[in-house]
Structure formats: C-alpha cells, structure tokens
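Written out below as structure tokens is the structure these notes cover.
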Amino acid sequence: MKGHVNSSGFPLQIGLENLVNGTTTEHGWRTLYEEHSWQHPQSGDAGFIDLVLANRYGTVFFAVECKRVKDTSWIFLSASKEVKDRRHTKAFVFSKSRGEVKRFEWIDLTLDPATPEAQFCVIPGSDQRSKSLIERSAAELVYATESLALEDKELSVDVENELRVYFNLIVTTATLQICSFEPHDVSIKDGTVEDPEFLEVPYVRFRKQLSPTYNLSEAVDVFGQSRSRAKENTVFVVNSEHLVEFLREFELEDSRMNEKHFS
C-alpha cells in the first residue's frame with residue numbers, strides 16, 4: 001500500500017506546498033491554489049496546475065509542476081566549457097492601467113537568481129528520439145500559465161489597475177547537472193563528445209521553442225534571430241531541496257513589478 005502511494009507524485013506536491021507555506025517568512029511566497037484546473041483556448045489542452053505560488057505583493061506568480069523521479073539526473077547541455085549564468089527570463093505579463101489592458105503577452109525580464117541556461121536536456125533511460133519528459137512537461141506548463149493569465153484577465157473586468165507577472169517552474173527530485181563541452185570536441189564521425197565536464201547545479205533555465213502558439217513581434221531582423229527568440233519560452237527547473245533558496249533569491253530587477261500597473 002505504502003509503495004503505491006510513494007510511487008505517485010502526490011506526496012511530493014503536498015510536501016512542497018507545506019514547505020513553501022511553512023517558510024513564507026523567509027521568502028514571502030505562499031500557495032495561492034493547488035490542483036488548479038485550466039484549459040487552453042487555442043490548443044484545446046486541459047489539465048491541473050499542481051501549485052500556484054504568489055509573492056507577498058500579489059503581483060508575481062509561479063505555475064508549478066512537481067516532478068518526482070527516482071535516482072536519476074537531468075543533464076542539461078552547454079556548448080561551451082565556460083558555463084555562463086543568465087538573468088533574462090521569458091515571463092507572461094498582464095497589466096491594466098485605468099481600465100485599459102496595456103500588456104497581455106510573453107516578454108523578456110531581467111531577474112535573480114542568475115542561472116545556467118540550456119535548450120537541450122538528456123534524461124538517462126528515456127527515448128531520446130521522442131520528446132523528453134521535461135519537454136512535454138515544460139510545453140504543457142506554458143499552456144497552463146497562459147490559461148491562468150487568461151482566467152485572471154477575464155475576472156478583472158471591473159478592476160482599474162492590475163499587474164500580474166507569471167513564470168513557469170518545474171520542481172523535481174532529480175539531480176540537475178550541466179554537461180559542458182566545446183563544439184569542436186564533438187566527433188562528426190559518431191556524434192559523441194570525448195571529454196565533457198559535469199557540474200551539479202541547484203537550478204537552471206530551460207529555454208526553447210516549447211509552444212506552437214505565439215505572437216511574433218513586428219521587429220524581426222533579416223537573419224531570424226529576433227524571430228527565434230520571440231518563439232521561445234523559459235521554464236525554471238529547480239531541485240526540490242533548493243526550492244526555499246530559489247524563492248528567497250528570486251527578485252525582479254524592475255521595481256515597478258511590485259506596483260499595481262506596468263506600462
């Protein structure tokens with residue numbers, strides 16, 4: 001009986017909720033919803049957000065997916081031996097000023113903590129020819145976050161000024177590793193790397209084109225760089241033992257994010 005319970009992800013979800021709410025004085029975050037239902041109007045996908053966390057101002061939110069895995073690592077690839085931390089992150093911003101919606105879109109924001117960023121993740125034992133567990137979970141989480149923002153927008157009809165910033169967060173029991181190597185060290189003959197370096201990290205930004213529904217900016221350069229970035233999303237991936245640390249360090253650079261409107 002106990003084995004069946006522990007083989008599910010529900011105990012982790014319950015434990016993380018208790019952890020967040022029990023340490024609110026350390027980081028200012030609390031659980032707003034649990035098992036929150038959502039349905040995406042464009043994709044038709046539906047499901048439940050494990051946890052929705054809110055900051056002390058009620059302006060910043062995490063849509064959280066809890067992933068319990070057993071005795072494994074998620075290995076993120078860095079095509080450089082010099083692993084650089086990034087501060088830019090894609091977030092969904094919904095803002096109103098004097099009853100008018102100013103923003104309802106994904107935009108890049110700068111925030112702490114700075115973390116490594118990767119678009120490739122290798123999970124031992126998984127079928128690398130199909131979408132990995134993290135890609136499937138991350139894509140669904142993007143849809144869920146958009147759906148949550150749309151729900152909040154529909155419920156704010158009578159609100160004059162509003163600011164809500166949403167982030168995607170996967171919390172997992174997996175160990176997070178950065179595998180770094182130089183591109184010229186990849187064997188073109190068999191596609192392998194001879195001497196990669198591995199570094200365990202507490203959290204990472206997983207950034208790639210996760211969702212087929214997006215709005216491209218009018219400013220797209222001729223080489224397609226802006227177009228590519230516009231189609232990307234960011235999902236924070238945090239090892240469960242470092243969640244409190246992550247929440248404590250999380251801080252947006254723009255102080256206006258703690259106000260009730262953002263132009």
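Both backbone and side-chain heavy atoms feed into the values below; hydrogens, waters and symmetry mates do not. Since the model is a prediction, treat every value here as computed from it, not as a measurement.
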Original post:
Where do Phe167 and Phe250 land on the ring pair (Phe, Tyr, Trp, His ring centres under 6.0 Å) test, with the steps shown first?
Top reply: CA-CA 11 Å; Phe167 295 91; Phe250 190 88; 5.2 Å; yes
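- When each of Lys96, Arg98, Lys102 is paired with Glu100, the salt bridge (charged side-chain N to carboxylate O under 4.0 Å, His left out) condition holds for Lys102 and for no other.
- One distance of note links OG1 of Thr24 with CG of Leu19; it measures 9.5 Å at 0.5 Å rounding.
- In this structure, the side chain of Asp45 does not engage the main chain of His40 through any donor-acceptor pair within 3.5 Å.
- Note that Lys153 lies in the cation-pi zone of Phe104, set by a 6.0 Å cut-off to the ring centre and a 45° limit from the axis.
- Side-chain contact between Val204 and Ile178 is present, with at least one heavy-atom pair separated by less than 4.5 Å.
- Of the possible polar contacts, one joining the Thr115 side chain to the Arg205 backbone as a donor-acceptor pair under 3.5 Å is found.
- The side chain to side chain donor-acceptor pair (under 3.5 Å) check on Thr31 picks up Asn21, with sequence neighbours excluded.
- Here Phe76 contributes atom CZ and Ser180 contributes atom OG; the two are 14.5 Å apart, rounded to the nearest 0.5 Å.
- Taken from SG in Cys179 to CZ in Phe198, the straight-line distance is 4.0 Å, to the nearest 0.5 Å.
- Few gaps surround CD on Gln209; more than 12 heavy atoms of other groups in view lie less than 6.0 Å from it.
- Side-chain atoms of Asn55 come within 3.5 Å of backbone atoms of Thr59 as a donor-acceptor pair (strictly under, hydrogens ignored).
- When the shell of 6.0 Å around CG of Asp190 is examined, it contains more than 12 heavy atoms from other residues, nucleotides or ligands.
- The hydrophobic cluster containing Leu148 also contains Val101, counting ILVMFWY residues as joined when their side-chain heavy atoms lie under 4.5 angstrom apart, directly or transitively.
- Distance check, rounded to the nearest 0.5 Å: CG of Leu16 to CZ of Arg68 gives 12.5 Å.
- The heavy-atom pair separating Asn239 from Ala174 by the smallest distance is ND2-O, 2.9 Å.
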**OP:** List the steps, then state whether side chain to side chain contact (heavy atoms under 4.5 Å, CB included) holds for Arg207 with Gln119.
**Re:** CA-CA 5 Å; Arg207 179 161 181 154; Gln119 64 174 322; 5.8 Å; no
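- At least one side-chain heavy atom of Val237 sits less than 4.5 Å from a side-chain heavy atom of Trp74.
- Under the 4.5 Å side-chain heavy-atom criterion for Ile, Leu, Val, Met, Phe, Trp and Tyr, Ile107 and Leu252 are members of the same hydrophobic cluster.
- At a threshold of 4.5 Å between non-hydrogen side-chain atoms, the residues Asp185 and Asp195 do not count as touching.
- Scanning both residues, Gln13 and Leu51, for their nearest heavy atoms gives O-CD1, 4.1 Å.
- The heavy-atom pair separating Pro202 from His242 by the smallest distance is CB-CG, 3.4 Å.
- The main-chain N or O of Pro116 is never found under 3.5 Å from a side-chain atom of Lys84 such that the two would form a donor-acceptor pair.
- Between the Thr173 side chain and the Val69 main chain, a donor and an acceptor come within less than 3.5 Å of each other.
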Subject >> side-chain hydrogen bond (donor to acceptor under 3.5 Å, both in side chains) between His36 and Glu151, intermediate numbers included >> reply: CA-CA 11 Å; His36 190 68; Glu151 180 180 292; 2.9 Å; yes
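- Contact record, Leu32 with Ala54: CB-CB, 4.3 Å, taken as the closest heavy-atom pair.
- Distance check: Gln177 CD to Ser78 OG gives 13.5 Å after rounding to the nearest 0.5 Å.
- Side-chain contact between Val20 and Glu17: absent, with no pair of heavy atoms (C-beta onward) separated by less than 4.5 Å.
- In this structure, Ala63 and Thr145 approach most closely via the heavy-atom pair CB-OG1, 3.3 Å.
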**OP:** Start with the C-alpha distance between Ile75 and Leu176, add both sets of side-chain angles, then the distance that settles side chain to side chain contact (heavy atoms under 4.5 Å, CB included), and finish with yes or no.
**Re:** CA-CA 6 Å; Ile75 306 169; Leu176 308 180; over 6 Å; no
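- Side-chain N/O atoms of Glu249 and Tyr203 include a donor and acceptor closer than 3.5 Å.
- Using the six-membered ring where Trp is involved, Phe62 and Phe246 have ring planes that are tilted, between 30° and 60° apart.
- In this structure, the side chains of Ser156 and Phe94 come closer than 4.5 Å at one or more pairs of heavy atoms.
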**OP:** Decide yes or no on side chain to side chain contact (heavy atoms under 4.5 Å, CB included) for Leu169 and Leu243, but give the supporting numbers first.
**Re:** CA-CA 10 Å; Leu169 173 61; Leu243 177 59; 4.3 Å; yes
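- Nearest heavy-atom pair across Ile170 and Ser137 is CD1-CB, 4.1 Å.
- The existence of a salt bridge linking Asp108 and Lys90 is excluded, since no basic side-chain nitrogen approaches an acidic carboxylate oxygen closer than 4.0 Å.
- Between Glu182 and Ser80, the closest side-chain pair of non-hydrogen atoms falls below 4.5 Å.
- Within a 6.0 Å radius of CD in Glu194, no more than 12 heavy atoms belonging to other residues, nucleotides or ligands are found.
- Note that the CG atom of Leu109 and the CZ atom of Arg87 stand 11.0 Å from one another [nearest 0.5 Å].
- Thr72 has its side chain out of reach of Lys70: every pair of non-hydrogen atoms, C-beta onward, lies at least 4.5 Å apart.
- Salt-bridge check for Glu232 with Lys208: failed, with every basic side-chain N at 4.0 Å or more from each acidic carboxylate O.
- A donor-acceptor pair under 3.5 Å links the side-chain atoms of His27 to the main chain of Thr23, judged by distance alone.
- For residues 19-41, the pairs satisfying salt bridge (charged side-chain N to carboxylate O under 4.0 Å, His left out) are Glu26-Arg248, with sequence neighbours left out.
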**OP:** Take Trp29 and Val60 through the test side chain to side chain contact (heavy atoms under 4.5 Å, CB included) and record every step on the way to the result.
**Re:** CA-CA 9 Å; Trp29 293 83; Val60 183; 3.7 Å; yes
**OP:** Under the side-chain hydrogen bond (donor to acceptor under 3.5 Å, both in side chains) rule, what do Trp106 and Glu146 come out as? Steps first, then yes or no, please.
**Re:** CA-CA 9 Å; Trp106 291 99; Glu146 289 181 353; 2.6 Å; yes
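- Linking Ile, Leu, Val, Met, Phe, Trp and Tyr residues whenever their side-chain heavy atoms come within less than 4.5 Å places Phe206 and Leu199 in a single cluster.
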